[in-house]
Amino acid sequence: MKLLLSLSLLSQSSFREPTSKYWLQAQETHNFIVENLLTRYNSYRVNTTDQTNTAYEWYSASQIYADAAMIEAGDTRYVPYMNNSYAWMNNMWDMSSSIGGYYSTANIDGTGSVGDKYADDNSLTGVVYLNAYDVSTGTERVNYLNSAKACANWLIYSDQWDSIYGGGFWWSTAKESKPTQTNGLALQLFLRLYQLTGEPLYRDCAYSVRDWLMKEMFDTTTGLYIWKIDGPGVGIKHTEKFTYDNAIMIEAFLLYAQIIGDYSYITKAQALGTKMNTILWNNVYRVYLFNSISKRINPAWCGWASQAMILLYLADGNTAWLDYAQQNIDYMNLKLRNSTNNGYYAFCDIDGSGVDTRHEGVDQAWMQRVQVLLSNYR
Ligand SMILES: *[C@@H]1O[C@H](CO)[C@@H](O)[C@H](O)[C@H]1NC(C)=O
Ligand SMILES: *[C@@H]1O[C@H](CO)[C@@H](O)[C@H](O)[C@H]1NC(C)=O
Ligand SMILES: *[C@@H]1O[C@H](CO)[C@@H](O)[C@H](O)[C@H]1NC(C)=O
């Protein structure tokens with residue numbers, strides 16, 4: 001097996017197909033976001049449908065992730081968008097608690113952040129900030145790192161991890177379930193902070209999350225990770241397989257291999273990718289399913305797999321992964337894109353019928369991001 005290069009998408013940025021239509025479409029997607037979702041406060045509306053005055057934490061973080069990818073690709077026009085939305089995110093941080101933590105919802109003017117906090121939101125945001133760190137300089141760069149550490153600090157000290165179901169982070173402070181995605185994203189954040197700081201605490205947290213995921217969430221029958229555990233006592237395992245859960249696990253295992261230096265995790269990531277491409281891939285329409293029981297397609301949750309496939313390509317140089325990444329994106333452009341305003345719709349059935357024409361912010365963010373990533377190679 002050929003082990004190529006660093007797994008960071010960043011180090012690849014010197015090369016981009018100069019005429020890539022994906023690069024153009026990533027920019028068009030961003031234009032749609034600026035025209036339809038960006039507010040005068042530098043926040044993003046949840047959707048365009050009803051002029052909602054609400055912003056969601058993980059939608060905003062996903063947009064920062066998308067803009068970081070534009071900067072990484074060499075386009076500095078996206079720096080103010082990234083920085084300004086990062087500054088706005090302070091409105092969602094719990095200032096009343098010494099350990100902080102992001103709330104999930106706020107008004108677009110920054111008021112009204114209350115309620116539950118989500119461990120997946122805080123984990124994803126930490127990961128996103130480390131990408132922003134990678135493309136920043138000076139004080140701003142230090143700020144991104146400190147904010148990523150603050151997200152991890154909240155995870156560690158918030159009581160979101162306990163011994164129920166043998167360990168694992170709860171999805172939210174309501175403590176109703178422990179999902180794969182939350183824990184996979186926490187694993188990514190701890191690994192990357194360990195890489196940057198060398199602090200054993202982050203490594204030990206990563207080991208605990210990895211152990212729990214592999215013991216409780218891996219389904220040996222299908223070779224994929226299950227959805228979640230909930231309920232009383234030992235809990236009920238929900239064995240549906242979601243595309244983005246498994247994409248997140250591929251990304252986590254590739255980071256694990258690179259940062260801990262255990263290359264057996266490359267093999268684990270490849271095996272997961274192969275299973276995804278059997279069980280969660282539709283061979284007729286050439287797209288990832290939302291999950292193993294639903295035939296609905298969504299740009300963010302299905303598109304996430306394109307990021308994982310590009311990272312697999314970076315790990316082993318096998319261009320077959322890129323074909324999956326590209327065909328998945330091609331499907332979204334064919335079936336879920338409004339060719340007049342360039343916004344992406346929320347859902348359709350696998351044959352492209354039954355389109356739910358809502359324009360949700362998170363779907364735009366993910367389509368911007370995966371297309372700029374792909375434009376480095378296609
Ligand atoms: C738009 O987002 C808001 C969140 O504030 C949500 O309540 C509403 O249902 C969404 N609109 C549609 C049509 O989905
Ligand atoms: C964003 O960050 C960069 C450094 O990473 C800094 O030079 C710049 O002033 C910041 N603000 C804006 C609005 O670009
Ligand atoms: C596509 O976008 C155009 C321009 O905003 C709009 O008029 C049209 O209704 C949209 N189509 C659908 C199906 O939403």
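Note that ligands are numbered from 1 as they come in the structure, with each ligand's atoms numbered from 1 the same way.
- Salt-bridge annotation for Lys175 and Asp159: present, with a side-chain N of the basic residue lying under 4.0 Å from a carboxylate O of the acidic one.
- Asp230 and Lys178 are not joined by a salt bridge, as no carboxylate oxygen comes within less than 4.0 angstrom of a charged side-chain nitrogen.
- Between Lys275 and Asp219 there is no salt bridge, since none of the side-chain N atoms of the basic residue sits less than 4.0 Å from a carboxylate O of the acidic one.
- Ranking protein heavy atoms by distance to atom 14 (O) of ligand 3, first place goes to Tyr345 OH, 3.4 Å.
- Regarding atom 4 (C) of ligand 3, its nearest protein heavy-atom neighbour is Thr340 CG2, 3.8 Å.
- The protein does not reach atom 9 (O) of ligand 3 closely, with no heavy atom under 4.0 angstrom from it.
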### Task
Walk me through it: do Trp170 and Tyr165 pass the test ring-ring contact (aromatic ring centres under 6.0 Å, His included)?
CA-CA 10 Å; Trp170 292 100; Tyr165 317 139; 5.6 Å; yes

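- One option in Asn338, Asn342, Asn341 has a heavy atom closer to atom 5 (O) of ligand 3 than any other, and that option is Asn341.
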